[in-house]
Amino acid sequence: MKKDKVVEIEEAVVRFAGDSGDGMQLTGSLFSDSTAFAGNDFATFPDFPSEIRAPQGTVSGVSGFQIHFGHKSIYTTGDLADVLVAMNPASLIANLKWVKNDAILIVNSDEFTDKNLEKAGYLTNPLDDETLSGHLVVQVPLNTLTYEAVKELDLDNKSVMKSKNMFALGIIFYLFNRDYTKTYSFFENKFKKNPLVVEANKKVLQAGYNFAETLEVIKNTFRIEKAELEKGRYRNVTGNQATAWGLMAAAERSGRNLFLGSYPITPATDILQELAKHKQFTCITQQAEDEIAGIVSTIGASYAGSMAVTTTSGPGLSLKSEAIGLAVMTELPMVIVDVQRGGPSTGLPTKSEQSDLMQALYGRNGDAPVIVIAATSATDAFYSAYEAAKLAMEHMTPVILLTDGSIGNGSEVFKIIKTADLPPINPPIAKANDPEYKPYKRNPQTLARQWAIPGTPGLRHRLGGLEKEDITGNVSHDPLNHEKMMQLRQEKVDKVADFIPELKIDGNEGADLLVVGWGSTYGVLMTTVEEMQNEGKSVSMVQFKHIMPLPKNVREVFSKFKKIVVCENNMGQFVNYLRMQLPEFRYEQYNKVQGLPFMVSELKQKFESLLNE
Amino acid sequence: MKKDKVVEIEEAVVRFAGDSGDGMQLTGSLFSDSTAFAGNDFATFPDFPSEIRAPQGTVSGVSGFQIHFGHKSIYTTGDLADVLVAMNPASLIANLKWVKNDAILIVNSDEFTDKNLEKAGYLTNPLDDETLSGHLVVQVPLNTLTYEAVKELDLDNKSVMKSKNMFALGIIFYLFNRDYTKTYSFFENKFKKNPLVVEANKKVLQAGYNFAETLEVIKNTFRIEKAELEKGRYRNVTGNQATAWGLMAAAERSGRNLFLGSYPITPATDILQELAKHKQFTCITQQAEDEIAGIVSTIGASYAGSMAVTTTSGPGLSLKSEAIGLAVMTELPMVIVDVQRGGPSTGLPTKSEQSDLMQALYGRNGDAPVIVIAATSATDAFYSAYEAAKLAMEHMTPVILLTDGSIGNGSEVFKIIKTADLPPINPPIAKANDPEYKPYKRNPQTLARQWAIPGTPGLRHRLGGLEKEDITGNVSHDPLNHEKMMQLRQEKVDKVADFIPELKIDGNEGADLLVVGWGSTYGVLMTTVEEMQNEGKSVSMVQFKHIMPLPKNVREVFSKFKKIVVCENNMGQFVNYLRMQLPEFRYEQYNKVQGLPFMVSELKQKFESLLNE
Amino acid sequence: MEQKVEPKAITLSKEDFGSDQMVKWCPGCGDHAILRSVENVFPKVGEQLGYSKEDFVVVSGIGCSSRFPYYMNTYGIHGIHGRPAPLAMGIKLANPKLSVWLISGDGDSMAIGGNHFIHIARRNPDINYLMFNNKIYGLTKGQYSPTTPKGQKTKTSPQGSFEMPFNPGELVIGARGKFFARALDSNPKLMQEVFLAAALHHGASIVEILQNCVIFNNKIHALITNKETKDDNQIVLEAGKPMLFGKEKEKGLKLEGTKLKVVTLGKDGVTLDDILVHDPTTDDAGIHMMLASMAPPEFPAAFGVIRSVESETLEDAVWNSVEHEKATSPIKNMDDLMNSGNTWEIE
Amino acid sequence: MEQKVEPKAITLSKEDFGSDQMVKWCPGCGDHAILRSVENVFPKVGEQLGYSKEDFVVVSGIGCSSRFPYYMNTYGIHGIHGRPAPLAMGIKLANPKLSVWLISGDGDSMAIGGNHFIHIARRNPDINYLMFNNKIYGLTKGQYSPTTPKGQKTKTSPQGSFEMPFNPGELVIGARGKFFARALDSNPKLMQEVFLAAALHHGASIVEILQNCVIFNNKIHALITNKETKDDNQIVLEAGKPMLFGKEKEKGLKLEGTKLKVVTLGKDGVTLDDILVHDPTTDDAGIHMMLASMAPPEFPAAFGVIRSVESETLEDAVWNSVEHEKATSPIKNMDDLMNSGNTWEIE
Ligand SMILES: Cc1ncc(C[n+]2csc(CCOP(=O)(O)OP(=O)(O)O)c2C)c(N)n1
Ligand SMILES: Cc1ncc(C[n+]2csc(CCOP(=O)(O)OP(=O)(O)O)c2C)c(N)n1
Ligand code: SF4
Ligand code: SF4
Ligand SMILES: [Mg+2]
Ligand SMILES: [Mg+2]
C-alpha cells in the first residue's frame with residue numbers, strides 16, 4: 001500500500017536509540033549522509049554511555065543519536081524528537097523524555113520480552129498500557145523481519161542480528177522519502193572483504209523500507225525541501241574532524257609541518273585519530289605517554305619550527321597547566337585544543353559542558369596570559385582552529401582553543417572552501433645570520449618575538465622557564481625586569497584585539513535584553529533569539545568566540561543594552577570573567593549544568609521572564 | 001676603648017650580605033636568636049639566589065639576610081637597612097640599594113682586591129671614591145683578623161675562612177650590646193664532633209666583638225628596649241616551620257595521624273623537612289616521585305583516615321590540579337599548602353609572589369570549589385595551617401592554604417601556646433555498623449558527608465571521580481543529579497562562611513580610603529596604614545585571610561567606604577576575584593610584581609595620591 | 001612492625017565480596033573472569049592472613065579494567081587515570097593493617113602511570129597489583145598502548161605503531177621489583193594460584209594478566225592461548241621445579257652461554273639435568289629478566305610466579321621508624337615541641 | 001629516511017661551543033668536568049656525523065645539572081622539571097636532522113621524569129641522553145633522590161631513607177632501552193669516549209655519569225672513585241674484550257650457574273677462557289642487566305658501553321611513513337581532502 005500522502009514539513013528531529021552494540025551511531029550517521037544528499041541542512045548529537053558495551057538490555061547500555069534537519073538553516077540539534085527509534089525497552093524508557101507529545105515511536109517489539117522489560121525497569125509492558133498514549137506507536141518485530149529478509153543467505157545468527165539496525169533505517173528512509181540505494185556504496189566500502197555481509201545489509205535495508213510502505217499505521221510520509229544553502233559543494237563534518245582539518249589547513253598555508261603531541265581522552269581523541277591519518281601532509285602525530293609529555297613534546301616541536309598542537313579534554317588540560325607556563329615564558333607558538341566535557345574530575349566523561357573556561361584562562365602558576373578562543377559550532381571549529389593556529393604563530397604565543405563534546409561529536413553540513421581563500425599566515429621567522437636578531441626583541445605591532453629555528457646559522461640562543469631579560473633573553477632575576485616582562489606578556493595578548501573581528505550584534509541595538517553566550521551555545525541561543533524576534537520580542541544577542549582578549553568593541557556593545565543575560569553550560573564562569581573585565585555592567589546569568597545542551601524552550605522561558613521583570 | 005655612649009633606639013634593620021658560601025643565612029639566624037633573647041620583636045627576610053654556590057665574588061652568588069627588630073611590634077622585614085654587613089665587593093654592589101642614606105656599612109676590606117672588584121663590576125674601588133659618601137663606612141680586614149684570632153689553633157685554612165662570618169657577627173653584637181656568649185651553646189651543639197671548630201668559632205666571635213670595641217669610627221652603640229609583648233614564653237619560628245607545626249597540632253587535636261605526601265620544591269621543601277623529623281607523632285611523610293603522586297597518596301591516606309596534607313609551590317600546584325578535582329569529587333579532607341613563588345613557569349623560584357591565587361581558586365577542570373585561605377605572616381602560618389586542617393576535616397573538603405616565599409622563609413617571634421587551648425577539631429567520622437550511613441548523606445549545618453574509614457565494619461563503600469548520586473554515592477549520569485551535586489559542592493564551601501571569623505576593620509569605618517590586602521602583605525600594609533593614621537590620614541584597612549568563601553560581612557564592610565584600593569604582589573588576581581564576587585563595588589588596584597615585598601614608602605605614596613585624587 | 005599483629009580467626013566466602021552493582025563490561029570481555037577469580041581468592045586471603053571483609057580495599061585508575069572496585073563489595077576507590085599506585089600507597093602507609101588491591105590496565109599502568117608503576121616496584125609496599133594487559137586502550141575505544149606490538153594498526157596508528165612495546169615483567173624487574181607473576185584471563189585456576197601467591201608475598205606483588213578485549217583487540221594473545229599452540233607457547237614456572245613445557249612436558253629451558261635456549265629432552269643428548277630449575281627467590285635479576293622476556297615463537301611465554309624475593313616493605317620501614325621514634329624521642333607532643341630548643345620568657 | 005642524507009665536510013673546535021655566560025655551579029662540582037668533556041666531544045660529533053654547529057640542540061629539565069644549556073653556545077632549551085625527554089623528542093621528531101643532547105639529573109630523570117625516561121628508552125629516538133647521577137637533589141639543597149642508597153640520611157630522610165633505590169642501567173634495560181653506558185665525572189677520557197659512542201649510536205643513547213655533588217652529597221661515589229679501591233671496584237667494558245679488571249687486570253668476570261662471579265686468573269684453575277667476553281650488541285637483556293647491576297663491594301661497577309643494540313629509531317619509522325604516504329596517497333593537499341569522500345553540490 002503505497003502512501004500517496006506526502007506531507008511537506010519545515011524540519012524534523014529523529015532520534016535513534018538502542019543498545020551500545022546495536023550500531024545506533026552508525027545508523028545515525030548513515031541517515032545524516034542521506035539527509036545531506038537530500039540537500040537538507042542538519043546538526044547531529046550523539047549521546048552514548050561511558051561504558052563500551054554495558055549489559056545488553058539495561059538503561060546504562062543505551063546509546064543514542066539525534067539528528068535535526070530542515071529546509072531552513074539548522075543551528076541546534078533539536079530540543080525534542082519527532083521520531084524515536086527504540087531498539088529495546090531500555091532505549092524506550094531512557095529516551096521517552098526526549099520526544100514530543102505526539103511523536104512517532106518505532107519500537108522493536110521482538111525485544112519487549114518479560115526479561116528485557118524487567119532489565120529496563122518496566123513493571124508492565126508499555127506497549128500494552130497507557131504509557132505511550134498520545135504517540136503514534138509503530139510496533140515492528142525487527143528481529144523476526146530481519147531474519148526473514150536474509151533467510152536465504154548463508155549467514156550466522158550474530159551477523160544477521162548485527163544488521164537489524166538497517167531494517168530500522170529502512171523504515172526511517174521510507175518515512176522521509178529517501179533513496180535507500182544511495183547507502184549501498186557505503187556497505188560495499190565498509191564490508192569490502194565480506195560480500196555476503198554487503199548483500200545482507202542491502203537486503204535488510206530494503207526490507208525495512210518496503211515493510212514501512214505496507215504499514216497501515218503510517219498514514220503519510222514526510223518531505224523536507226532542500227535547504228536554502230549558499231551555492232557550492234558541501235559535506236558532512238564532525239566538530240573534531242573540522243578541528244583537525246582547520247589545523248592541517250593552517251599548516252599548509254603557513255608552510256610549516258604540523259606536529260601533534262597528544263594523549264587519548266574522550267571526547268578529544270578523534271582529533272588525534274584524524275590527524276594520524278594524514279602523514280602525507282607531513283603531519284607528525286605522537287601519541288604520548290601522558291598529557292604532560294604531549295604538550296612538552298609540542299613545545300619541543302614548536303621550538304624546532306613546527307606548527308605545534310596538543311589536544312585534550314579537561315582533566316588533560318589540568319595536567320598540561322605547568323607546561324603551558326613554560327610555553328608562555330618561552331613565547332613559542334602552539335595550539336592547545338580542549339574539547340570540554342562534564343566535570344569536575346572524571347565527572348561525566350561522555351557528556352558536554354563549558355566548564356574549563358576558568359582553567360583555560362587562569363589554570364597555571366603565576367600570571368601567565370594566553371589567547372583563548374572558543375568554537376561556536378562543528379563547522380566553525382574548522383575556522384576557529386585555523387584562526388587559533390594563525391594567531392599562535394603570528395603572535396608567538398600559546399592559544400587555547402575551547403570546543404566541547406557537543407561540538408566535537410556533533411556533525412553539521414560544511415561548505416567546502418578553497419584553502420587558498422583562507423587568510424594567509426605569516427609567522428615571524430628569523431632570518432639566517434640576521435645581525436639584529438635578539439631572542440626577545442619584539443615586533444612593535446604585535447609585541448611578538450621572532451621564531452629562530454634550530455639549524456639556522458647565526459641564531460643560536462637558549463630559552464627556558466626562568467624569567468628572561470627583556471631583548472636578550474638571558475636569565476634575569478632583576479626585579480624591575482620581571483615586572484616589565486609580566487606587563488609585556490600581558491600586553492602581547494591584549495594587542496591581539498587589534499587582529500580579531502569585532503563583536504556583531506544579532507538584533508537591534510538597544511533591545512530590552514541582550515543575550516550573551518560563548519562557544520557552542522551559539523546555535524541554540526541564536527535559534528531562540530530569532531524565534532523571539534519573530535514573535536516581536538525585543539531581544540538581541542552576541543556570541544563570544546574571542547575570550548582572551550575580548551573583542552575591542554565589547555564595552556561599546558554592552559553599553560547599548562539595559563539588561564544583559566549571560567547563558568552558559570557551567571556554574572557561571574564567563575559571566576564572572578566579564579565581571580572582572582567589564583565591571584561597570586550588571587549581568588544576569590542563566591546556567592545549565594546537566595551535561596546536556598540548552599533547549600530552546602527553556603531559554604525562551606528564561607528570557608521572557610527577564611523581559612517581564 | 002669602651003664606648004660609653006649607648007643610644008636608645010626604637011627599631012633597627014640589619015642586613016647581612018656575602019657570598020653563598022659565606023654563611024650569611026646562619027649569621028642572620030644567630031643574630032635573630034640573640035635578638036629574641038634580648039626580648040625584641042622582629043621579622044626576618046632571607047634573600048638568596050637560585051644557584052647553590054654561584055662563582056665566588058660575583059653578584060649572582062650574593063646571599064642576603066635582613067632582620068628588622070624593635071621595641072614595638074614588628075610587622076615588616078624593613079624597607080631599608082640601618083646596618084649592612086658586606087663580606088665582599090659583590091655583596092656591597094648588590095645591596096647598596098637596600099640601605100638608608102646614612103647607614104653603617106661594615107665591609108670586609110680584605111676582599112676588595114682588584115680581581116674581586118672587577119668580578120663585582122666595580123670600575124674603581126668604592127672604598128676609595130665617593131660611592132659610599134653619606135654612609136658610615138667601617139672597613140674591617142676580616143680575613144686577616146680571623147686568621148689572627150685562631151692562629152694558635154691547629155686549623156686548616158678552609159675552616160678558618162669558614163668562621164669569618166662570626167667575626168662580623170661579633171661586631172654587630174657589640175653594636176647592639178648583645179651578650180655573645182649566649183651563642184656559644186649553638187657552636188657546642190652544631191660542631192659536637194669537632195671541638196676544635198667550636199673553639200675557633202668562639203674565639204672568632206669574641207675577637208669580632210672585642211675588635212669593634214676598639215674601633216674609633218664606631219662612636220656609640222645601640223640599645224633597643226625589650227618589646228612590649230604579651231607576657232609568656234616565646235620562640236623564633238619561620239613560616240614554613242610554623243605551617244608544619246600548625247598541621248601537627250591539628251593532627252594531635254583531632255586524634256588523627258598526620259600523612260604528608262610531597263615532592264620537594266623551593267620554597268616549600270622546609271615543611272616536608274620539618275614534618276619528616278617528627279615520626280614520634282606518627283607523622284608519616286612520603287617524599288613522592290612527583291607532585292601528582294604526592295597529592296594522590298594524600299587522597300589515599302585521607303580515605304584511610306589520616307589527616308592528610310600535601311605541600312608544594314606554584315608549578316607543583318599546577319601538577320596537582322587534576323587530583324584536586326578528585327579530592328573535590330570524593331569529598332575527602334586534606335590540606336594543600338602552596339608556598340607561592342615568582343611565576344609564571346619556573347619564573348623566579350627563590351623570590352616571593354602572590355600569583356597563584358587564581359590557580360588555587362580555579363585551576364582545574366570543571367567547576368570544582370575548594371576552601372582557600374591565606375596566611376598573613378610567619379606566625380599566623382601556624383594558626384592558618386591549624387584552621388585549614390580543622391576546616392578540611394570538619395567540612396570534608398580539600399582546603400588550599402596559600403603562603404608564600406616571604407612567609408615561608410621569613411621568621412618572626414612566636415608566642416608559645418598550649419595545644420589544649422586551640423579550638424577542638426571534630427571530624428564527622430562514621431560509626432561502625434551505623435545502619436543510617438550513606439556515603440553522600442550530609443550534615444545539614446555543614447553539608448559535609450561522613451568519613452567512613454576502611455577497616456570499619458559495616459561501612460563498605462566506593463568513591464571515585466565519576467559523578468556521584470546524591471546520598472548513595474553510586475555512579476550517576478543523571479542530568480539533574482549532576483546539577484544538584486554541582487550546587488551541593490558549591491554550597492558546602494559557601495557554608496563555611498558560617499564557621500570563620502568576620503572581617504575586622506583596622507581604623508575608622510567610613511575613612512576616605514580602605515586599603516585591602518590578603519595574605520602576606522598584612523605586615524607592611526598594617527605598618528603603613530598605622531603610620532598614616534598617626535599622621536592623621538583618614539585611612540583604614542582590612543586584610544583577607546579567608547578567600548573562598550569570603551567572610552560574611554565583606555559586603556557590609558565595603559559599603560562603608562567610598563574608595564577601596566586592593567594591594568597585592570601579582571597582576572591583580574584578588575581584585576579581580578572581588579570584582580566577580582562583589583561586583584557592586586569599584587576597586588582601585590596597586591600591584592607590585594618584582595619578587596619583592598611592598599615597601600612602606602611606596603605604599604604611602606600610592607595611598608596619599610589616592611587620598612588626594 | 002609486622003603487618004598483622006594477631007591474625008584473627010576469620011571465615012569468609014565469595015558472597016562476602018559480591019556487589020549489588022551492575023557489571024558493565026562488554027559480554028565476553030576477559031575482565032569478567034578476572035573478577036570471578038578475585039572474588040574466589042579474597043576469602044582465602046582473609047582467612048590465611050587474618051583480614052576481615054572490611055579490611056580489603058580495592059583501588060584503581062581509569063580504564064575498563066579500573067571500573068573493578070565498583071563491582072566488588074569492599075572499600076574501594078576509583079581514582080584518576082594512571083595514578084592507582086600512589087593512591088594505594090597512601091592507603092597502605094596510612095593503615096598497614098589493610099589488604100590493599102590495585103587494579104589497573106596496560107595504559108593506566110604503563111602509559112600515563114608508568115612512573116608510579118616503577119616507583120611502587122622499587123619502594124615495595126605490601127600491595128597486590130593486578131595489571132590487566134589487553135595491549136590496547138579499551139575505554140577510549142581502541143588506541144595503541146605501551147604494550148601494543150610494533151607495527152599493529154590501531155585507531156591512532158593507522159600506518160602501524162612505530163614504537164617498541166614494553167614487556168611489563170622486564171619493566172618491573174628493571175625497576176627492582178621483588179615480585180612478578182603472569183596469569184591469563186582464560187585460566188582461572190592459574191589466576192587464583194597466582195593471586196594468592198601475590199597476597200601471601202609480603203611486598204609489592206605485581207601480576208600481569210593477559211586479558212582479551214573482545215571489542216578492540218580481540219585475540220591479541222591468540223598465539224599464546226590458541227588450543228593448537230598453547231602447549232608449546234606457554235610454560236608455567238614453579239619454584240624448585242625444572243622448567244619444562246610442551247604437551248608431554250618434553251621441552252625445557254637451558255642456559256647456553258649467556259642466553260636461554262629451548263631444548264627437547266632426549267634430543268642432542270639433553271637430559272633433565274640440563275634443564276634450569278626455577279628459583280623465584282634469588283635477588284639476582286638476570287635470570288628472571290630472561291624468563292620474563294620470553295615470547296613466542298622462539299620461546300614459550302612464562303606464567304606463574306617468575307620472581308618472588310623477600311625484602312623489607314616500605315610501610316614496615318616507615319612504621320618501625322615511627323615506633324622507634326616514639327620510644328626514644330624526648331618530645332612526646334606538640335607542647336613539648338613548642339617549648340624545646342631556644343625559647344625565652346617575657347614577663 | 002636516513003638521519004643525514006649527505007654528510008657535510010665540517011670542521012669544528014671546542015671554541016665553537018663555548019658560551020659567554022657565567023658558569024654558576026659550585027666550585028668543585030662534578031658538573032664542570034662534564035661540561036668540558038661535552039665541549040670537547042661536540043666538534044668530533046659534528047665532524048663525524050656531518051652536523052654544523054647550528055645543528056646541535058641541548059635540552060634539559062630542572063636541577064643543577066639542567067642549567068647546562070645556558071653554559072654552551074648552541075641552540076638550547078631549559079625545560080621544566082622532569083620533562084626533558086618529551087622536549088627532546090619533540091625537537092627530534094620535528095627535525096631529525098638536528099643532533100639532540102639531553103642533560104638531566106637523577107631526580108629530574110628518575111623521580112618526576114621517570115615515566116618519560118622509560119618511554120624514551122623504549123621508543124628509541126636518536127637522542128643522546130646524559131644523566132648526571134649525584135644521588136641527591138642538588139638544586140633544592142639535599143633531599144634524597146630515587147638513586148640515594150637505602151638508609152642514607154638526608155634532609156628529607158632524617159631517620160635514613162626507607163626506599164630501595166633504582167639502578168639507572170637496570171631501569172633502562174628493563175624499559176627495553178638499546179643503549180646504556182656509564183661514565184665518571186673524574187675520568188674525562190672515558191667520558192669523551194662514551195659520549196662519542198653515544199653520539200655514534202643511532203638510537204636513544206642513555207649515559208649515566210656518576211657525578212659528585214660537593215655540597216650536599218660529597219664523596220657518594222667514593223667507594224668507586226677512591227684511589228685505593230678504584231682498580232678493584234671499577235671495570236671498563238670493551239666490546240669483544242674479556243671482562244678483566246684489577247690493578248694488574250688479574251681479576252675477571254665469569255658466569256656461574258645463572259649468576260656472575262668475580263674470579264682471579266690463575267686461581268682455582270681459572271684461565272682467560274673462563275672469562276666472559278663483552279658483547280654490547282646482543283639484544284638479549286639478561287647479561288647486560290647483570291653487568292649494569294654490579295656494585296661494590298661484591299662486584300666492580302661497570303663502566304663504558306654496557307649495551308649498544310641497533311634498532312630502528314622512532315623518527316626513522318615516522319618519517320619513512322611520511323615519505324611512503326606522500327608517495328602513495330592520492331590526497332595531496334587540503335583541497336583534495338575536503339573534496340574527498342561523500343560530498344554534494346547545492347546549486
Ligand atoms: C588524565 C586522563 N587522560 C586520559 C584519559 C582517557 N583514558 C581513560 S582510560 C584510558 C586508557 C585505558 O586503557 P587501559 O589502561 O589499558 O585500560 P583498559 O580500558 O584497556 O582496561 C584513557 C586514555 C583520562 N580519563 N584521564
Ligand atoms: C614541578 C617541579 N617540582 C619540583 C621542583 C623543584 N626541583 C628543582 S630541581 C629538583 C631536583 C634536582 O635534583 P636532580 O634532578 O638530581 O638534579 P641536580 O640538582 O642534583 O643536578 C627539584 C625537586 C621544580 N622545579 N618543579
Ligand atoms: S572494551 Fe574491551 S576491555 Fe573494555 S569492557 Fe569491552 S571487551 Fe573489555
Ligand atoms: S649543589 Fe651540588 S650538584 Fe649543585 S652545583 Fe653545587 S655541587 Fe654541583
Ligand atoms: Mg588496556
Ligand atoms: Mg641529582
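The shown structure was predicted, so the numbers you read here are calculated from the model rather than taken from an experiment.
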Quiz prompt | Exercise: do Ser601(A) and Asp79(A) side chains pair donor with acceptor under 3.5 Å | solution = yes
Practice problem: Give me the contact list for residues 563-570 of chain B versus chain A, heavy atoms only, anything under 4.5 Å, ordered by residue number. | Solution: Asn570(B)
Practice problem: Name the option with the most non-hydrogen atom pairs under 4.5 Å to chain A; the candidates are Gly572(B), Gly363(B), Gly595(B), Gly343(B). | Solution: Gly343(B)
Self-check item: Part of Ile292(A) within contact of chain B (heavy atom distance under 4.5 Å)
Solution: side chain
Quiz item: Relative to chain A, which segment of Gln487(B) carries a heavy atom at a distance below 4.5 Å: side chain, backbone, both, or neither?
Solution: both
Self-check item: chain B contacts, top residue of Pro583(A), Ser50(A), Gly347(A) (heavy-atom pairs, under 4.5 Å)
Solution: Gly347(A)
Self-check item: For chain B, the option from Met485(A), Arg489(A), Gln354(A) that forms the most heavy-atom pairs under 4.5 Å
Solution: Arg489(A)
Quiz item: Which residues satisfy the ring-ring contact (aromatic ring centres under 6.0 Å, His included) test with Phe598(A), sequence neighbours excluded?
Solution: Tyr590(A)
Quiz item: Do you see a donor-acceptor pair shorter than 3.5 Å between the side chains of Thr312(B) and Lys320(B)?
Solution: no
Quiz item: Pick from Met358(B), Arg364(B), Glu483(B): which one has the most heavy-atom pairs with chain A under 4.5 Å?
Solution: Glu483(B)
Quiz item: What part of Asn591(B) lies closer than 4.5 angstrom to a heavy atom of chain A: side chain, backbone, both or neither?
Solution: backbone
Quiz item: Side chain, backbone, both or neither: which part of Lys484(B) has a heavy atom under 4.5 Å from chain A?
Solution: neither
Practice problem: Apply the test salt bridge (Lys or Arg N to Asp or Glu O under 4.0 Å) to residues Lys492(B) and Glu331(B): give CA-CA distance (whole Å), side-chain angles for both, the deciding distance (0.1 Å), then the verdict. | Solution: CA-CA 10 Å; Lys492(B) 182 175 75 163; Glu331(B) 305 194 27; 3.0 Å; yes
Quiz prompt | Under the salt bridge (Lys or Arg N to Asp or Glu O under 4.0 Å) test, residues paired with Glu588(A) that sit two or more places apart | solution = Arg586(A)
Self-check item: Heavy-atom closest contact (Asn576(A) atom, Met580(B) atom, distance)
Solution: O-CG, 3.2 Å
Quiz item: Do you know which of Ala360(A), Pro344(A), Ser355(A) has the most heavy-atom pairs under 4.5 Å to chain B?
Solution: Pro344(A)
Quiz prompt | Proximal component of Met329(A), with respect to chain B [non-hydrogen, under 4.5 Å] | solution = side chain
Quiz item: What residues, two or more places apart in sequence or in another chain, satisfy salt bridge (Lys or Arg N to Asp or Glu O under 4.0 Å) together with Lys468(B)?
Solution: none
Quiz item: Under 3.5 Å, side chain of Gln66(A) to main-chain N/O of Thr77(A), donor-acceptor pair present?
Solution: yes
Self-check item: Modelled atom types, side-chain donor and acceptor of Gln581(A) and Arg555(A), under 3.5 Å
Solution: no
Quiz prompt | Top of Asn481(B), Leu326(B), Leu348(B) for chain A proximity - count of heavy-atom pairs under 4.5 angstrom | solution = Leu348(B)
Quiz item: Side chain, backbone, both or neither: which part of Arg341(A) has a non-hydrogen atom closer than 4.5 Å to chain B?
Solution: neither
Quiz item: Is it the backbone or the side chain of Glu353(A) that comes under 4.5 Å from a heavy atom of chain B, or both, or neither?
Solution: side chain
Quiz item: Is it the side chain or the backbone of Leu596(A) that comes within 4.5 Å of chain B heavy atoms, both, or neither?
Solution: side chain
Quiz item: Is chain B contacted by the side chain of Gln490(A), its backbone, both, or neither, given a heavy-atom distance below 4.5 Å?
Solution: side chain
Quiz prompt | Within the 6.0 Å centroid threshold, strictly below: Phe558(A) and Phe585(A) | solution = yes
Self-check item: Donor-acceptor contact below 3.5 Å, side chain Tyr303(A) vs main chain Thr298(A)
Solution: no
Quiz item: How about Ser20(B) and Glu51(B): does a side-chain donor come under 3.5 Å of a side-chain acceptor?
Solution: no
Quiz prompt | Donor-acceptor contact below 3.5 Å, side chain Asn365(B) vs main chain Ser313(A) | solution = no
Quiz item: Top residue by heavy-atom pair count (under 4.5 Å) with chain A, among Thr346(B), Asp367(B), Asp356(B)?
Solution: Asp367(B)
Quiz item: Do you know which of Gly366(B), Gly325(B), Ser345(B) has the most heavy-atom pairs with chain A at a distance under 4.5 angstrom?
Solution: Ser345(B)
Quiz prompt | Gln340(A), part contacting chain B, at a heavy-atom distance under 4.5 Å | solution = neither
Quiz item: By a 4.5 Å heavy-atom criterion (distance strictly below it), what part of Ser476(A) contacts chain B: side chain, backbone, both, or neither?
Solution: backbone
Quiz item: Which heavy-atom pair separates Val62(A) from Pro49(A) by the least distance, and what is that distance?
Solution: O-CD, 3.3 Å
Practice problem: Ignoring hydrogens and angles, state whether a donor on the side chain of His482(A) or Glu467(A) is under 3.5 Å from an acceptor on the partner side chain. | Solution: yes
Quiz item: For the candidates Pro315(B), Gly314(B), Ala368(B), which exhibits the highest count of non-hydrogen atom pairs separated by less than 4.5 Å from chain A?
Solution: Pro315(B)
